[in-house]
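First the structure, in the form of C-alpha cells, and then the observations on it.
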Amino acid sequence: MKQVPTLDIRRYDSDRDAFVSELGAAYRQFGFCCISGHGIPRELIDGAYQAFEQFFALPTETKMKYHVPGSGGARGYTPFKVETAKDSRYPDLKEFWHVGREIPRDSKFADVMPPNLWPEEVPQFKSCGYGLYEALDQLGTRVLRALALHIGLPENYFDDKTEQGNSILRPIHYPPIIEESIPNVRAGAHEDINFITLLVGASAEGLEVLSEGQWLPITTEGDAIVVNIGDMLQRLTNHLYPSTSHRVVNPQNENARKPRYSVPFFLHPNPDVVLDPLPECVTADNPSRYDTSLTSHEYLMQRLREIKLI
C-alpha cells in the first residue's frame, strides 16, 4: 500500500538538494509528509499534552468560562459539537482550545488577532502551550524554506510573510464514543485553511488522508510530526501543492471507548498577505486558477463561515 513518507529534516542541512526534492515530491503527490529529526524536546510535547488533558477534564461549566461567543473560536475554548466540516450534515465529535500569537496590542493586526486566554485552573497551560506554539512555528518556518527552494524562490521567501502570521495551536479532545451507530465522526472530511499544518500526536489511530480515491491511514512513529498543505498555500502555488482532504474516523474497536487527543498547529500567513498565485507556479499548462485577489484574513473569514465557527 502507498504511504505518506517520513523525511528527516536534519537532511536539510546535510543533504539539502535531495531533501528538498523528496519533500516537494511528497507534497505534490499527497499534500502530506511526516517530518522527523525536528529536535522539539519530548518533555515539551508531553508537558503540553498533560496540561491540555487536565483542562479538558474540567467540568463543562468551568471550561465555558473561556468560551467567547461570536469570536469564531479565535481564542480560548470551543465546546463539543460546534465545528462542522464543510458540506457535512453533522458536527464533529470534538472540543478544542485556541492559542494564538502573542503580539503587541498596538500592532496593526491587533484588531484581528485578539489576546490569548489562559485557564487559571491549569497553571502550566500557558508555559507549556506557548512553548509548543513557538517550537512548531519555528519548525514550520524551516519546512516553508525547503518548499520555497522547491518552487524556485529564495530560501527565505516566506519568512516575512509569516512572522506575524495569525497562526493557531489547537489542542483537541475527542471524548470516548459511547453511543452505538452514531452518524457523526470525530472530524469530518475537510481541507485545512492555512499555509501548512503541523500535527503533534498522530500516533493514535483515526487520521486518514484521501489519495487517488482511497483513504490512507496515517500513524506516526518516534518523533515524527505530520505536516500537510492547507488551502492558502494551494491557492498561492496555483494548486501545484494540493490541500488534500483528510478526516479522523471513529475507531472500529475498543479504542472508540477511549478519549483521543491531538494538537495541530495551523501556520497562517500575516493577515494582509495577498493570496494571488505566484508567477513561478503559473505556466501555459497550469494557467492561473484565480481571477480575484483575496488577503489571507478575507479568505480565513470566508472559510470560518463555511465551517460554522462564525
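Note that the structure is predicted; figures quoted are calculated from it, not measured.
- Counting heavy atoms of neighbouring residues, nucleotides and ligands inside a 6.0 Å radius, atom CG of Asp160 exceeds 12 of them.
- For the atom pair CG of Leu7 and OG of Ser36, the computed distance is 7.5 Å after rounding to the nearest 0.5 Å.
- A distance of 6.5 Å separates OG1 in Thr78 from NE2 in His67, rounded to the nearest 0.5 Å.
- Both Leu58 and Val68 are part of a single hydrophobic cluster, where members link through side-chain heavy atoms under 4.5 Å apart.
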Next item on the list: For Ile193 and Leu304, run side chain to side chain contact (heavy atoms under 4.5 Å, CB included): C-alpha distance rounded to whole Å, both residues' side-chain angles, the deciding distance at 0.1 Å, then the answer.
Entry: CA-CA 9 Å; Ile193 299 171; Leu304 290 179; 4.3 Å; yes

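- Taking all atoms of both residues into account, the shortest heavy-atom contact from Phe265 to Ser167 is CZ-CB, 3.6 Å.
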Next item on the list: Show the numbers, then the answer: is there a side chain to side chain contact (heavy atoms under 4.5 Å, CB included) between Val143 and Phe195?
Entry: CA-CA 11 Å; Val143 173; Phe195 260 8; over 6 Å; no

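- Aromatic ring pairs are classed by plane angle as parallel below 30°, tilted from 30° to 60° and perpendicular above 60°; the pair Tyr261 and His173 is parallel.
- Applying the salt bridge (Lys or Arg N to Asp or Glu O under 4.0 Å) criterion to Arg10, with sequence neighbours excluded, gives Asp8.
- Under a cutoff of 6.0 Å and an axis angle of 45°, Arg170 and Trp97 do not form a cation-pi pair.
- Under a hydrophobic clustering in which Ile, Leu, Val, Met, Phe, Trp and Tyr are joined whenever their side-chain heavy atoms come within less than 4.5 Å, directly or via other members, Tyr174 and Phe52 fall into the same cluster.
- Checking side-chain atoms of Thr244 against main-chain N and O of Phe30 turns up a donor-acceptor pair under 3.5 Å.
- Of the N and O atoms on the side chains of Arg101 and Asn166, not one donor lies less than 3.5 Å from an acceptor on the other residue.
- When every heavy atom of Val99 is checked against every heavy atom of Phe125, the shortest pair comes out as CG2-CE2, 4.3 Å.
- Here the CG atom belonging to Asp276 is positioned 8.5 Å from the CG atom belonging to Leu236, to the nearest 0.5 angstrom.
- Formation of a donor-acceptor pair under 3.5 Å by the Arg28 side chain with backbone atoms of Tyr241 is not found in this model.
- A heavy-atom distance below 4.5 Å is not found between the side chains of Ser14 and Phe19.
- Although no hydrogens or angles enter the test, the distance criterion places no donor-acceptor pair under 3.5 Å between the side chain of Thr197 and the main chain of Phe266.
- A donor-acceptor pair under 3.5 Å is formed between the side chain of Asn116 and the backbone N or O of Gly100.
- In terms of heavy-atom proximity, Tyr49 sits nearest to Val200 at OH-O, 2.5 Å.
- Under the 4.5 Å side-chain heavy-atom criterion for grouping Ile, Leu, Val, Met, Phe, Trp and Tyr, Leu267 is connected to Tyr299 within one hydrophobic cluster.
- Using a 4.0 Å cut-off between charged nitrogen and carboxylate oxygen, Glu120 and Lys65 count as a salt-bridge pair.
- Under the 4.5 Å side-chain heavy-atom criterion for grouping Ile, Leu, Val, Met, Phe, Trp and Tyr, Tyr27 is not connected to Val282 through any hydrophobic cluster.
- Residue Leu233 is tested with Leu144, Asn194, Asp192 for a side-chain contact (heavy atoms from CB on, under 4.5 Å); the sole match is Leu144.
- The side-chain heavy atoms of Glu95 and Pro79, taken from C-beta on, include no pair separated by under 4.5 Å.
- Summarising the local packing, CD of Glu61 is surrounded by more than 12 heavy atoms from other residues, nucleotides or ligands at distances under 6.0 Å.
- For the atom pair Thr220 OG1 and Ile35 CD1, the distance stands at 12.0 Å (nearest 0.5 Å).
- Nearest approach of Pro269 to Thr162, heavy atoms of both residues: CA-CG2, 4.1 Å.
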Notebook entry, point to check: Which is it for Leu210 and Gln214 under the side chain to side chain contact (heavy atoms under 4.5 Å, CB included) test, yes or no, and what are the steps along the way?
Noted result: CA-CA 5 Å; Leu210 187 63; Gln214 292 186 309; 5.8 Å; no

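- Within the 4.5 Å cutoff, the side chain of Ile225 has heavy atoms near those of the His38 side chain.
- A salt bridge links Arg16 with Glu155: at least one charged nitrogen is closer than 4.0 Å to a carboxylate oxygen.
- Phe96 is not listed as a side-chain neighbour of Pro171, based on a closest heavy-atom distance of 4.5 Å or more.
- Counting heavy atoms from C-beta on, the side chains of His150 and Leu153 never come closer than 4.5 Å.
- The minimum heavy-atom distance between Ala135 and Leu44, with the atom names listed, is CB-CD2, 4.0 Å.
- Within 6.0 Å of NZ in Lys161 there are more than 12 heavy atoms belonging to other residues, nucleotides or ligands.
- Residues Phe158 and Thr141 have side chains not in contact (no heavy-atom distance under 4.5 Å, counting atoms from C-beta outward).
- Taking CD1 of Ile9 as the reference point, atom SG of Cys34 lies at 12.5 Å (rounded to 0.5 Å).
- Using the six-membered ring where Trp is involved, Tyr133 and Tyr130 have ring planes that are parallel, under 30° apart on the 30 and 60° scheme.
- In terms of modelled atom types and a separation under 3.5 Å, the side chain of Glu298 and the main chain of Thr295 share a donor-acceptor contact.
- For the residue pair Tyr290 and Ser288, the shortest heavy atom distance occurs at O-OG, 3.1 Å.
- Under the 4.5 Å side-chain heavy-atom criterion for Ile, Leu, Val, Met, Phe, Trp and Tyr, Leu147 and Val273 are members of the same hydrophobic cluster.
- Ring geometry, His246 versus His190: the interplanar angle falls from 30° to 60°, so the pair is classed tilted.
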Review item, side-chain donor-acceptor pairs of residues 104-113, under 3.5 Å, at least two apart:
{"residue": "Arg105", "atom": "NH1", "partner": "Met113", "partner atom": "O", "Å": "3.1"}
{"residue": "Arg105", "atom": "NH2", "partner": "Ala110", "partner atom": "O", "Å": "3.1"}
{"residue": "Arg105", "atom": "NH2", "partner": "Met113", "partner atom": "O", "Å": "2.9"}
{"residue": "Ser107", "atom": "OG", "partner": "Phe109", "partner atom": "N", "Å": "3.0"}
{"residue": "Lys108", "atom": "NZ", "partner": "Asp272", "partner atom": "OD2", "Å": "3.3"}

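- A distance of 9.0 Å separates CG of Leu278 from CG of Asn238, quoted to the nearest 0.5 Å.
- By the salt bridge (Lys or Arg N to Asp or Glu O under 4.0 Å) test, Arg42 pairs with Asp46, sequence neighbours left out.
- Proximity of a side-chain donor or acceptor of Glu280 to a complementary backbone N or O of Gly152 within less than 3.5 Å is not detected.
- In this structure, Lys63 forms no cation-pi arrangement with Tyr66, as its terminal cationic atom is not both closer than 6.0 Å to the ring centre and no more than 45° off the ring axis.
- Looking only at side-chain heavy atoms (C-beta outward), Arg260 and Lys94 stay at 4.5 Å or farther from each other.
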Notebook entry, point to check: Going through the distances and angles, do Gln54 and Glu121 end up as a side chain to side chain contact (heavy atoms under 4.5 Å, CB included)?
Noted result: CA-CA 9 Å; Gln54 285 179 38; Glu121 295 80 4; over 6 Å; no

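- By the 4.5 Å heavy-atom criterion applied to side chains, Leu198 and Ile196 are counted as neighbours.
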